There are 4 protein chains.
Amino acid sequence: MTSKIEKPKSAKTRSRSSIGAVRSPQSTEAILDAAAAILEEHGYKAFTMDALVERAGSSKPTIYRWWRSKGALLRDVYERTALTFVTAPDTGDLERDLIVHLRSLWSWWRSSSAGETLRSLITEIQHDSTAIDEFREAFLPRRERTLRKIFARAVDSGQITEGAAVEVAVSMLTGMSWLHLVTANLENLDDIDKAVSVIVNGLKPR
Amino acid sequence: MTSKIEKPKSAKTRSRSSIGAVRSPQSTEAILDAAAAILEEHGYKAFTMDALVERAGSSKPTIYRWWRSKGALLRDVYERTALTFVTAPDTGDLERDLIVHLRSLWSWWRSSSAGETLRSLITEIQHDSTAIDEFREAFLPRRERTLRKIFARAVDSGQITEGAAVEVAVSMLTGMSWLHLVTANLENLDDIDKAVSVIVNGLKPR
Amino acid sequence: MTSKIEKPKSAKTRSRSSIGAVRSPQSTEAILDAAAAILEEHGYKAFTMDALVERAGSSKPTIYRWWRSKGALLRDVYERTALTFVTAPDTGDLERDLIVHLRSLWSWWRSSSAGETLRSLITEIQHDSTAIDEFREAFLPRRERTLRKIFARAVDSGQITEGAAVEVAVSMLTGMSWLHLVTANLENLDDIDKAVSVIVNGLKPR
Amino acid sequence: MTSKIEKPKSAKTRSRSSIGAVRSPQSTEAILDAAAAILEEHGYKAFTMDALVERAGSSKPTIYRWWRSKGALLRDVYERTALTFVTAPDTGDLERDLIVHLRSLWSWWRSSSAGETLRSLITEIQHDSTAIDEFREAFLPRRERTLRKIFARAVDSGQITEGAAVEVAVSMLTGMSWLHLVTANLENLDDIDKAVSVIVNGLKPR
DNA sequence: TATTAACCGAGACGGTACGTCACGTCTTATT
DNA sequence: AATAAGACGTGACGTACCGTCTCGGTTAATA
């Protein structure tokens, strides 16, 4: 799932560059690229399988052979672009690290296809309860990993005590972020600072 | 939108007791009731306009005459049932009030159609950006009102200082709740206690 | 069903000029006028009961109180305008009379709402077999009356023999006219002359 | 559009034996068969796209992929069954040939789905002026072809003179037939004999 | 003169059918 | 064996128009 590939030509001009008995990496990349592009340019509403096929120059059977559903595809789209985003600052200051990370996250959501992709993914999984389970058990923890790492370092450095309510702190920061995402309200980055301040202050013993 | 009416009979036996040049309250109630019932019994997936028409003994034109979209209808369904839920405790203790309120909320979501309705509503508005705007500006503030009221009382009684970051505290508690809602994770009510503890502690000056 | 009335003002400005315990002639006329106007200006496709109500400034119950169906209304629309068209020439020459009558008829169909009205009526009755029966037994004979009269005079004057196949002659001329009407093919009036020539020639004994 | 295929099994038992990147002949045939069957058994009123889909075991998108409208479908239904009806007698006698052909036609209309189909088609095209044009320019000439052929043979054999008003004769016989069709008046086959007699007599020079 | 009954415009209602959209499956021909 | 192409059945959508019914009001004939 590296992104070190040449951009696929537009659907119609690109010839069948790879066919045969093994999975075509070009095709896979073309599909993921097209998905991200559609989401970024036209949003979730326009992200249909037909539009995807058209833009990727692929076909529906190919897509469904490798992804069991639209949600599974969206998950991969998000995770692939997430590889390019690893803002896990380590300044030694918990509050600062959280702020930098969350501000980067919100900005990245807004400035790329990532926000639209995650928003679409959350929407999509609501149709299927097993998808929700997989999402909660596997996808969500991966999203919260950076926050957890930051808190873990703060525990190590003694900024907060071991056993503090880190889990709910992560949940509240993630929840607030997602709430702003699904309500198209990612402008006020200053809210992040205030929230982080409350959380960090709240985790410290009195 | 009072709910002090007798339940409409099942779709087929209900006769046209009062329709005409004014909006029929029976029809309105039948539609909202049917919507809530479908969501509770069969979930969002089964909540189609056709199923709603069938169960309410109504018609699609009638529904679309009064609600511009499925999202608008879901909003009314939620707000109507929300009238029956007003757990705004006032014990004089901020932490206790928040815990009681949020525990009641999560329980209510799980034990009635309300959780499924809100989950569906969040999903539905993602298809339409104007719906998201209306949701963020009007619906969401109404949902956060009780939390704000609780915090306001705490300010009045001096438990927390004026000007504290109440807004982000509300946002974090709401966000965490919704995150658990959309990931089908409303079981661990103890998380509420921990979160509230962090928030209340965090709002107090050191 | 006289047309000696002032034109109704446009729907919205016309006040309730006649209401009470007897049928309102103004309302009746307004409905028939509006129907003809819609058909002439926008055609059968636009001739809906809602459009009619809007244009006539009337209401659906009023229309359905006096006409059992759209077809019945169209029949009255046609018959009312037909009162203004009675080209029954009597030159003493059968062939000439037929030509003048049919040319007038085709021209009248094209230059007024009449053609569109009849076309609509034929279409409309196809939905209801009792309407077809009434149409065949009562409406159609009234339409063929002038042709029959012309033939009857020719019999009287000895141009054709009694007992000649007048009925089928009428049927063929009517059928050809309607065929051209429903296929939007009323331009070539010269076809009339040729047809009449064949018919008149064919009715004379060899 | 050959009909040399085995009848498709009933909707539910028919398996998808051959679909894919090319148009499925089974599906096409099933649709046309179902259309004819509905028209024959229940008439134009019951001929809805939903009923057709149900009976053919097909789907609306498939139907609209191949036929732009109900009228276009009805045209194909009629033309397909018309392939089974080619009564173009050649006895050497114009009058006899015309009578045999028209009697066969009226009987065929009454005893099969054909009459109802044509009646429905005439009705249907009235909703769309481009459909009328196509109907007049292409469909109608095909229907009149047999009559023209009979007249052409009569010209060749010298029964009527070249340049006689064959076109209007065809138009009158077709018009009379259609007039009887749309007024549900196909019982009196003797009218055909009289009409043909007038026409044939009328075409001969005095 | 007051009452009553029929009619009026307005418009909401349940119902039927429409034509479109997107989905996920399946077949075909190609490489 | 994997691919692009694309037709297929399924199911839901939102709209158009129908004919019925209720509503509040007006007027003409009746009591």
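Chain identifiers are assigned alphabetically (A, B, ...) following the order of the sequence lines, protein sequences preceding nucleic acid strands; residue numbering begins at 1 within each chain. Quick caveat, the model's predicted, so the values are computed rather than measured.
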Item to check | Side-chain N or O of W66(D) closer than 4.0 Å to phosphate OP1/OP2 of dC8(F) | outcome: yes
Next on the checklist: Can you see if the side chain of S59(C) gets near the phosphate of dC8(E) - specifically, an N or O under 4.0 Å from OP1 or OP2?
Outcome noted: no
Item to check | Integer-rounded Å distance: dT15(F) P and R65(B) CZ | outcome: 12 Å
Checklist outcome for this item: To the nearest angstrom, the CZ-C1' distance between R55(B) and dG14(E) comes to 19 Å
Item to check | Partner residues of S69(B) under the side-chain hydrogen bond (donor to acceptor under 3.5 Å, both in side chains) criterion, sequence neighbours left out | outcome: none
Next on the checklist: Check whether W67(B) forms a cation-pi arrangement with R23(B) (NZ or CZ under 6.0 Å from the six-membered ring centre, at most 45° off the ring normal).
Outcome noted: yes
Checklist entry - Can you tell me if the side-chain N/O atoms of T62(B) get under 4.0 Å from OP1 or OP2 in dG14(E)? => result yes
Item to check | K70(A) side chain vs F47(A) backbone, donor-acceptor pair below 3.5 Å | outcome: yes
Checklist outcome for this item: When rounded to whole Å, the CH2 to P distance for the pair W67(B) and dA12(E) reads 14 Å
Next on the checklist: Can you confirm whether or not the ring centre of Y44(A) sits under 6.0 Å from the ring centre of H127(B)?
Outcome noted: yes
Next on the checklist: Is there a side-chain contact between S27(B) and the phosphate of dA12(E), meaning an N or O under 4.0 Å from OP1 or OP2?
Outcome noted: no
Checklist entry - What's the spacing between L73(C) CG and Y78(C) OH if we round to 0.5 Å? => result 15.5 Å
Next on the checklist: Base contacts versus sugar-phosphate-only contacts with protein, heavy atoms under 4.0 Å: please encode nucleotides 18-23 of chain E as B, S and - from 5' to 3'.
Outcome noted: BBBBBB
Next on the checklist: Need to verify one output field. Residue with the more 5' nearest nucleotide on DNA chain E, T28(B) or T28(C)?
Outcome noted: T28(C)
Next on the checklist: For the NZ atom of K60(D) and the CG atom of L52(D), what is their distance to the nearest 0.5 Å?
Outcome noted: 10.5 Å
Item to check | Carboxylate-amine/guanidinium contact R55(B) E41(B), below 4.0 Å | outcome: yes
Item to check | Separation of atom CG in L73(C) from atom P in dC18(F), rounded to whole Å | outcome: 11 Å
Checklist entry - Atom CG of L52(A) to atom C1' of dG24(E): distance rounded to whole Å? => result 14 Å
Item to check | Distance in angstrom units between Y44(C) OH and dA16(F) C1', rounded | outcome: 14 Å
Item to check | Value in whole Å for how far the P atom of dA2(F) lies from CD1 of I31(A) | outcome: 14 Å
Next on the checklist: What is the distance, to the nearest angstrom, from the CD atom on Q26(B) to the P atom on dT22(F)?
Outcome noted: 12 Å
Checklist entry - What are the residues of residues 34-43 of chain A, sorted by number, that bring a heavy atom to within less than 4.0 Å of DNA chain F? => result none
Checklist entry - Can you tell me how far the CD atom of E124(C) sits from the CG atom of L74(C), to the nearest 0.5 Å? => result 6.0 Å
Next on the checklist: Please evaluate residues L121(A) and F139(A) with respect to the criterion side-chain contact (heavy atoms from CB on, under 4.5 Å), reporting the C-alpha separation (whole Å), side-chain torsions for both, the decisive distance (0.1 Å), and the verdict.
Outcome noted: CA-CA 11 Å; L121(A) 176 53; F139(A) 180 87; 3.5 Å; yes
